[in-house]
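Both backbone and side-chain heavy atoms feed into the values below; hydrogens, waters and symmetry mates do not.
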Amino acid sequence: MWDDAIILILCPELLTCCSGHLSSYQFLITRKINESNNCHFLFITTPSGYKTFRHYHAIENGKTEYDFGVIPYNAHLGSKGEHAFLHISDTEISTATGQEEWVSDLRKYAHNEGAAFIIHTGDICYEGGLKNHKPMMNTVNMEVPVYYCIGNHDLVKGKYGEELFESIYGPVYYSFDAGNTHYIVTPMWGGDYRPGYTKEDVYHWLKNDLAQIPEGKPIVVFNHDYWTSGDRHVFSAGKGMDIDLDAHNLKAWVYGHVHINHITRHGNALAICTSTLARGGIDHATSAFRKIGMDSKGNISSELRYAYIDKSIVIASAQNEQAPVTKDGKLQVSVNTYSTVTQTAKVTYAVYMEDKAVTPQRSMTRQTDFNWTDAVKLPAECEGRTVTLKATATFKNGETARAESFFTYTSTPVEVKTGDNWTNLGGNPQHVAVTKDTLNLPIRLAWVKNMGSNVYMTSPIMVDGKVFAATMDENIQGKSSVTAMDATDGSLCWKYSTRSSVKNTIVSAQGLIFAQDIWGYLYAIDAKSGKLAWEKKLDVAVVPGLEDGLAANETTVFAGAGKGLVALDARTGREIWKNSS
């Protein structure tokens, strides 16, 4: 990038300005700058404990001195360097109009939960998006540092693909520090128009950047896309120009591009993808952004935050003037509540009869991102009477949400009778809901059971008196599973943990329960014991992830997708045929 140029970093001096103290990093160029088209900026690695409203300067012919103002900024950094940041991607806007709600949600969450910075990993999108995005989301109006990557749709018509991006957002590759971690922003290799930079340009910069980092310091790489499907992260520009990022303590590669919420482990590092919070993912995923935490040793945690939910609260267990009770006559209470901009601190409830409280205020137990539960015995005087359940959610930012629902209380549980097995979505391999069973009206809710994690598009099935369902885990916390419950009362029969999320239809055949996770593993689980009978790694891509469901007849299970679609013997897992088209 430089033609034998020497950069002298003069010691930062404190300068007085209207907002307090400003540290000034002054760079003096002592030799001629390379005038190649690839040399557009002088930029700094923003040190931890500071922020800058512009970490770069466009290089001007004849100019030899450049000043960088960095403001002390220790907000949201722990005493040992621990911190959290917010990841968004692929907002793909054309105008600022209509974007106000998600931008406001992001700003409020960053403030309420103490984010160290916000990173956007590209596809801002085209000329309209590039010109309108930064004015609505930047370091000043978001009140925390905001960084941008370049995406394939951000390479637009110009002298070179990144010309417009550079004129608004600055360099397409740069680095900064926060807490104990070194963050590296890298560019896309191609897109709608050819970029002016090359892999060799990035290689030389990245090699020099990493040479300044103390050994063992955690690094995180941001890019619009993910570069590998293997377990090693080697940046290669050809001709022996390789950089082993794993040797530099790579902790995560954070990206977007495929519009899904997805985490995979590759060797010692995580690959973390977040879909767009503006409009959701291509796999029907809800709009979301991600909070990524870094502890004092660089270990990573993730929390997906779902957008457009404003202090929602719903009493899930008391509907249509009825509510379920347990075998010992306790009222089951299940409340769903969520707020995009802050965490739920607690949920409480009480039961009333004729405006008189018949229970004290009781605290509920969190089960998932949304759900809280409890069970309580009501006084005998409530039997056969109309009572009202009133629930209150209190959020960490001090706001509250309230809901109430009335029902006729009975201490006698509903008797559950099961009919024919329901082995597929819709009850059959064709997924057409036809059954010989008849229902006795009125329909009553018999029980409610939380499985410990969120449910995506997985419909439950029923076999031999058990109900089976599957959960997802978009934060790689080990919560995805297939769960078996007694159909009569919802009691847990067994739970089998899967490697990753099961996001679609599960099926049953030959006394086995089948589920496939997003990493492409197919599980055959014994319906009675919950033990694994066999499993198979399907021939599908790990990214973007296997979102499809299953179908099964009496002897065969149909799994995978696309060229990885297979028919397998249900009992043994033997391949019968595989899609060749």
Side-chain angles (χ1 to χ4, degrees), residues 231 262-267 368 418 421-425 429 449-487 490-543 545-561 564-578:
D231 286 339
H262 194 59
I263 302 181
T264 53
R265 181 171 290 281
H266 296 253
T368 65
T418 60
N421 288 339
W422 198 262
T423 59
N424 283 260
L425 171 67
K449 177 73 175 182
N450 189 284
M451 296 184 292
S453 193
N454 299 335
V455 177
Y456 196 57
M457 296 186 291
T458 304
S459 296
I461 60 175
M462 190 180 71
V463 180
D464 298 335
K466 292 187 179 73
V467 175
F468 303 89
T471 60
M472 68 174 184
D473 175 9
E474 295 184 302
N475 296 304
I476 202 165
Q477 296 174 340
K479 293 183 177 181
S480 52
S481 67
V482 177
T483 299
M485 296 155 282
D486 189 309
S491 58
L492 179 67
C493 298
W494 52 258
K495 177 178 285 190
Y496 184 86
S497 295
T498 57
R499 291 176 176 84
S500 60
S501 298
V502 178
K503 288 192 170 184
N504 216 313
T505 310
I506 61 175
V507 295
S508 177
Q510 296 289 306
L512 302 173
I513 305 299
F514 298 92
Q516 61 185 15
D517 67 20
I518 60 172
W519 292 355
Y521 286 91
L522 175 66
Y523 306 87
I525 308 164
D526 185 89
K528 292 183 179 180
S529 68
K531 295 181 179 180
L532 184 69
W534 57 265
E535 69 177 17
K536 183 179 180 65
K537 178 65 174 72
L538 302 171
D539 186 17
V540 294
V542 175
V543 177
L546 183 58
E547 309 286 350
D548 302 73
L550 301 171
N553 58 27
E554 293 180 356
T555 61
T556 308
V557 59
F558 304 89
L565 180 67
V566 292
L568 305 172
D569 181 271
R571 174 50 56 186
T572 65
R574 177 182 59 85
E575 184 177 301
I576 299 171
W577 55 255
K578 181 179 179 181

If we only count heavy atoms from C-beta on, is the [X] to [Y] side-chain gap below 4.5 Å?
X: R265; Y: R499; value: no
X: T483; Y: L492; value: yes
X: F468; Y: W494; value: yes

Supply the atom-to-atom distance [X] [atom1] to [Y] [atom2], rounded to the nearest 0.5 angstrom.
X: I518; Y: E547; atom1: CD1; atom2: CD; answer: 6.5 Å
X: S501; Y: K479; atom1: OG; atom2: NZ; answer: 11.5 Å
X: N475; Y: S480; atom1: CG; atom2: OG; answer: 11.0 Å
X: Y521; Y: L538; atom1: OH; atom2: CG; answer: 10.0 Å
X: I525; Y: E535; atom1: CD1; atom2: CD; answer: 9.5 Å
X: T423; Y: I513; atom1: OG1; atom2: CD1; answer: 9.0 Å

**Request:** State, to 0.1 Å, how close L512 and A524 come at their nearest heavy-atom pair, and which atoms those are.
**Result:**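 Minimum heavy-atom separation between L512 and A524: CD1-CB, 4.1 Å.
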
**Message:** Looking at K537, I'd like to know if its NZ atom is crowded, meaning that more than 12 non-hydrogen atoms belonging to other residues, nucleotides or ligands lie closer than 6.0 Å.
**Reply:**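 More than 12 heavy atoms, drawn from other residues, nucleotides or ligands, come within 6.0 Å of this atom.
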
**Asked** Of all residues at least two apart in sequence or in a different chain, which pass the salt bridge (Lys or Arg N to Asp or Glu O under 4.0 Å) check with E575?
**Response**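 For E575 there are no salt bridge (Lys or Arg N to Asp or Glu O under 4.0 Å) partners, ignoring immediate neighbours.
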
**Audit row: D548, Q516, side chain to side chain contact (heavy atoms under 4.5 Å, CB included) steps and yes/no** = CA-CA 8 Å; D548 302 73; Q516 61 185 15; 4.1 Å; yes

**Request:** Quick one: do W422 and V467 satisfy side chain to side chain contact (heavy atoms under 4.5 Å, CB included)? Show the steps, please.
**Result:** CA-CA 9 Å; W422 198 262; V467 175; over 6 Å; no

**Asked** By ring-ring contact (aromatic ring centres under 6.0 Å, His included), which residues pair with W577, not counting sequence neighbours?
**Response**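 With neighbours one apart ignored, the set is empty.
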
**Request:** For residues 453-462, pull every pair meeting side chain to side chain donor-acceptor pair (under 3.5 Å), keeping only residues two or more places apart or in separate chains.
**Result:**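 As it turns out, the side chain to side chain donor-acceptor pair (under 3.5 Å) pairs with a partner in residues 453-462, which skip direct neighbours, are D369-N454.
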
**Message:** Pair Y523, T498 - check side chain to side chain contact (heavy atoms under 4.5 Å, CB included), show working.
**Reply:** CA-CA 8 Å; Y523 306 87; T498 57; 3.8 Å; yes

**Item:** H262 and T264 side chains, donor-acceptor separation under 3.5 Å
**Value:**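 The answer is no; no qualifying pair exists.
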
